[in-house]
Student: 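What follows is a single structure, and I will ask about it in a moment.
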Amino acid sequence: MTSERNEEIEKMDAVLRAIGGAVPDPGLEGRILHRLAAARTSAEAGTAPLVPGRRVPRFVGPLAGFASAGLMCGVIVVGSVRHSHEHRAGEPAAPPVLQIQRGGVGAASAVRPADPGTAAPLPASPAARGGATHRTAQRGRARIARQTKKAPGVTVPVPARAGSPQQ
Amino acid sequence: MSAFEGQLAGWMTPARVAKSVDKSQTIAQLVAEYSTTLYRVAFSVTRNAAEAEDAVQETFLRVLKHESRLDEVRDYRVWLVRIVWNIVLDRKRRAKTRPENEDIADHARALPSKDRAADATVISNEEQARILSLIEKLPRREREALLLSAVQELTTGEIAAMLGTTESSIRSRIFRARREMAVLLEKEGIQR
């Protein structure tokens, strides 16, 4: 039992010796030095001097990035504010008007808002309304007076009398 | 402060050494002197030749990055071993897998001829793999102490300095590791 155990311990020591005495592939030093030289070259190329003889500090790159990002944000904010101020001064605030095409089918035929000057709803003049129209409300129902003047060319349907034949 | 700078700070003299040295020359000397030792330390964890070599190169790249502070380092060997040790442990943690392609057999062939002859007659590749899998079962501290003690160039004092503990602690860890390994090997022998 003890001899077996010693044998196993000896095997373990042999494995540990194999690990601890591992020999790298030939030329390890050369490969390391080559990689170091490449890293040194790329580092020097990355910090190429803008002014001959002067190396740019490492923090300049990130600093320039932050500065340009901040400048862009400022330009966007100022531009947005100026744009909104110009609109308020020139034109009255009006909701966008949808122009519905008569020959279209449903909402798909709605076109984008046209020029507000032509498409915005205008208040009807008294002439266009055909004079005085009296609308009175009685018990919640609106009634139109008989003597209401009609605009020229407007036909008014005659209400059908009770008992008359339908055409 | 980065981890590397932390490592650097631990191994610096309080005051700068007065003499100025050529940094690239110093790094080349460090490569010539310690690359094999670093490779062995890395290999004890990775057990893969390519990964071990990559870890050594990474170590010297970090040295290059902080070359301006090289003359503040007290003990280059312990400092470099500590860097490569942290690199390989970090990579192993990231991989979270045990090495799949262990090159023990390859490196057993690469051993000096007298060692190879002695070891090759005793252990086969299967036995090597079995013993290594048992080493992996050891507690982390004991396993690390055992693996580092296997690296020929490192003394117990250097291992202690590297792991930030005392020599007696390292000795007791190695003792516990060997005792535990004996038990595990015995169990394995019974089960086989």
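Convention: sequence-line order gives letters A, B, ...; per-chain numbering from 1.
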Student: Are side-chain heavy atoms of B/Val63 and A/Leu36 found at a separation under 4.5 Å?
Tutor: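 With C-beta onward as the side chain, the pair stays apart.
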Student: Looking at every heavy atom in both B/Ala150 and A/Leu16, which two are closest together, and how far apart are they?
Tutor: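 Nearest heavy atoms, B/Ala150 then A/Leu16: CB-O, 3.4 Å.
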Student: Within the 4.5 Å heavy-atom criterion, are B/Met181 and A/Asp13 side-chain neighbours or not?
Tutor: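 Answer no - side chains too far apart.
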Student: So do the side chains of B/Arg40 and A/Val23 get within less than 4.5 Å of each other, counting heavy atoms only?
Tutor: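 Of all side-chain heavy-atom pairs linking A/Val23 with B/Arg40, at least one is under 4.5 Å.
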Student: Give me the atom names and distance for the closest heavy-atom approach of A/Ala22 to B/Phe43.
Tutor: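 Shortest heavy-atom separation between A/Ala22 and B/Phe43 comes out as CB-CD2, 3.6 Å.
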Student: Against chain A, label B/Leu61 side chain, backbone, both or neither, depending on which of its atoms sit under 4.5 Å from a heavy atom there.
Tutor: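 Both backbone and side chain of B/Leu61 come within 4.5 Å of chain A.
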Student: Name the option with the most non-hydrogen atom pairs under 4.5 Å to chain A; the candidates are B/Thr36, B/Val151, B/Ile131, B/Val56.
Tutor: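 Among B/Thr36, B/Val151, B/Ile131, B/Val56, the one with the most close pairs to chain A is B/Ile131.
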Student: Does any heavy atom of chain A fall under 4.5 Å from the side chain of B/Ile135, the backbone, both, or neither of them?
Tutor: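 Contact with chain A is through the side chain of B/Ile135 alone.
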Student: With a 4.5 Å cut-off on side-chain heavy-atom distances among I, L, V, M, F, W and Y, is there a chain of contacts connecting B/Val41 to B/Leu89?
Tutor: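 Yes, B/Val41 connects to B/Leu89 through the hydrophobic network.
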Student: Counting only non-hydrogen atoms closer than 4.5 Å, can you tell me which residues of residues 26-34 of chain A sit against chain B?
Tutor: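 Listed by number, the contacting residues are A/Leu28, A/Glu29, A/Arg31, A/Ile32, A/Leu33.
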Student: Could you state the interatomic distance from CE (A/Met12) to CG (B/Leu185), rounded to the nearest 0.5 Å?
Tutor: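 Interatomic distance, A/Met12 CE to B/Leu185 CG, rounded to 0.5 Å: 7.0 Å.
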Student: Looking at B/Ala32, B/Ala28, B/Ala52, which one has more heavy-atom pairs under 4.5 Å with chain A than the rest?
Tutor: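 Option with the top pair count is B/Ala32.
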Student: Which residues in residues 170-177 of chain B have any heavy atom lying under 4.5 Å from a heavy atom of chain A?
Tutor: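 Interface residues of residues 170-177 of chain B: none, nothing closer than 4.5 Å to chain A.
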Student: Quick check on the interface: out of B/Glu67, B/Arg178, B/Glu153, who has the most heavy-atom pairs with chain A under 4.5 Å?
Tutor: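 Heavy-atom pairs under 4.5 Å are most numerous for B/Arg178.
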Student: Within this structure, what is the CZ-CG distance for the pair A/Arg35 and B/Leu64, rounded to the nearest 0.5 Å?
Tutor: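 The CZ atom of A/Arg35 sits 11.0 Å away from the CG atom of B/Leu64.
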